[in-house]
Amino acid sequence: MRQTYDPYRTWVGEIILQQTRMDQGLPYYRAFLESFPDVSTLALAREDEVLRLWQGLGYYSRARNMHASAKYISEQLGGVMPADYQGLLELKGVGPYTAAAIASWCYKQPCAAVDGNVSRLITRLFGIGEAINSPAGVRQVQALANELLDPVDPGMHNQAMIEFGALQCVPVSPRCMDCPLAELCEANKQGRVDSIPVKIKNKKPVERWFYYYSIRSGGECILIRRGKADIWAGLYEFPMIETRGPQTDEEIVHQLLPLILQKHDSKDDSALPLSIGALSAPVRHQLSHQTINARFLQVEAEHLPDPLPENWQRVPLDQLDRYAMPRLIHRYLESENI
Ligand code: SF4
């Protein structure tokens, strides 16, 4: 992934590496570039297609931002990626690290790229006690990274720093015994390796309760598309109800009919014979700032509501892989062998 000087490919690779390790990200990188080999093909793609290729990586906003930026490059910049740090920073979803990585690697610009690996390495080397996720800590680390940068080959320097942090100066039990920087490293000399870097603890994740209704009929099921204002924007899932706390099995079943009728004009619920199937055990799904507690109720309908409630889509079960879904839904489908 880091073997190309093409700015588009470097951009795609860096965004993927922000959320996964190299070995896990490589198949995604290859599949993404096979479908969208350049900025213009990405710009012309449907959002659905982009999200589907991102499925499993999480942080779907990053894929949406890349898509939006590709459109911006195509429509406003004549299809040519910005060739400098400031121009790259204008792209949606491109922050100082990604802009510096692309600018230094593809254009040899003297920009120090500071990711988590570099930040950890620098704080240990200089014995910095400031939290690395505080504004002051970020400024201090960036200033030191700028000072250390090799202006002759900044791209190679950045990659070396990143790799050194990732392989030698790892988060837990760094390899200080055989480290070539051991005698220079303040954290090592002061016996503070285990307490540096300092981090401000994030707030406790918010708990949410999602109850999904996997409504099927004659080889089809119902999907809905999530709105823009919440997690998993634009992804597909089953009709669901979110509650403020855990529900009993009985409550989960009782919520089903109102869910259908509330969105379905017909008052004749006898027209929609349903048979209630298995209710899954609770599943905890961890996101960066939220914990989703989910359960899935399987429902067989003799026929599906007609007309379908707004935003509901009838989808053949054998075509579900065409729809981008949150990993939580994907895992449920896998468990059901669908
Ligand atoms: S001596 Fe240890 S803490 Fe210091 S840079 Fe090397 S591996 Fe990291």
Side-chain angles (χ1 to χ4, degrees), residues 1-5 10-11 13-26 29 57-59 62 85 88 94-203 286 288:
M1 278 156 98
R2 286 183 170 137
Q3 288 169 351
T4 174
Y5 291 99
T10 303
W11 177 32
E14 287 300 337
I15 299 293
I16 288 177
L17 284 178
Q18 278 169 28
Q19 51 207 71
T20 190
R21 293 201 319 263
M22 181 75 80
D23 53 337
Q24 287 171 340
L26 205 51
Y29 175 74
L57 276 172
Y59 293 98
R62 288 181 179 157
Y85 178 79
L88 288 161
V94 172
Y97 165 76
T98 312
I102 301 171
S104 64
W105 186 247
C106 304
Y107 306 116
K108 291 213 175 291
Q109 288 178 0
C111 310
V114 178
D115 71 347
N117 294 309
V118 175
S119 183
R120 182 174 61 253
L121 171 60
I122 288 180
T123 48
R124 284 176 175 162
L125 270 179
F126 293 88
I128 294 171
E130 199 78 57
I132 51 167
N133 52 350
S134 69
V138 169
R139 276 196 303 274
Q140 200 176 355
V141 169
Q142 184 69 53
L144 287 165
N146 294 346
E147 270 179 41
L148 292 174
L149 187 70
D150 171 10
V152 177
D153 196 346
M156 188 57 80
H157 171 94
N158 281 334
Q159 286 212 21
M161 293 285 283
I162 292 166
E163 295 296 315
F164 196 89
L167 301 173
Q168 181 86 25
C169 195
V170 293
V172 180
S173 308
R175 297 167 47 196
C176 304
M177 297 296 279
D178 64 359
C179 179
L181 302 176
E183 286 181 20
L184 297 170
C185 175
E186 286 300 327
N188 186 45
K189 288 191 286 185
Q190 297 168 15
R192 292 166 63 212
V193 168
D194 292 338
S195 56
I196 295 180
V198 175
K199 261 191 195 168
I200 300 168
K201 281 219 170 71
N202 289 327
K203 284 191 213 134
Q286 194 61 56
S288 51

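Values below: all heavy atoms of this structure, side chains included; hydrogens, waters and symmetry mates excluded. Each ligand, and each atom within it, is numbered from 1 in the order the structure gives. These figures come from a predicted structure and were not determined experimentally.
For the residue pair Asn117 / Glu163, no side-chain donor-acceptor distance below 3.5 Å is found, with atom types taken as modelled.
If you take CG on Asp150 and OG on Ser104, they are separated by 11.0 Å, rounding to the nearest 0.5 Å. How far CD1 of Ile16 is from CD of Gln24: 12.5 Å, rounded to the nearest 0.5 Å.
Side chains of Gln168 and Leu121 form no contact here, defined as non-hydrogen atoms less than 4.5 Å apart.
The heavy-atom pair separating Cys185 from Arg124 by the smallest distance is SG-O, 3.5 Å. For Ala113 against Ala100, the heavy-atom pair with the smallest separation is CA-CB, 3.7 Å.
Near atom 8 (Fe) of ligand 1, less than 2.8 Å away, sit the protein N, O or S atoms Cys169 SG.
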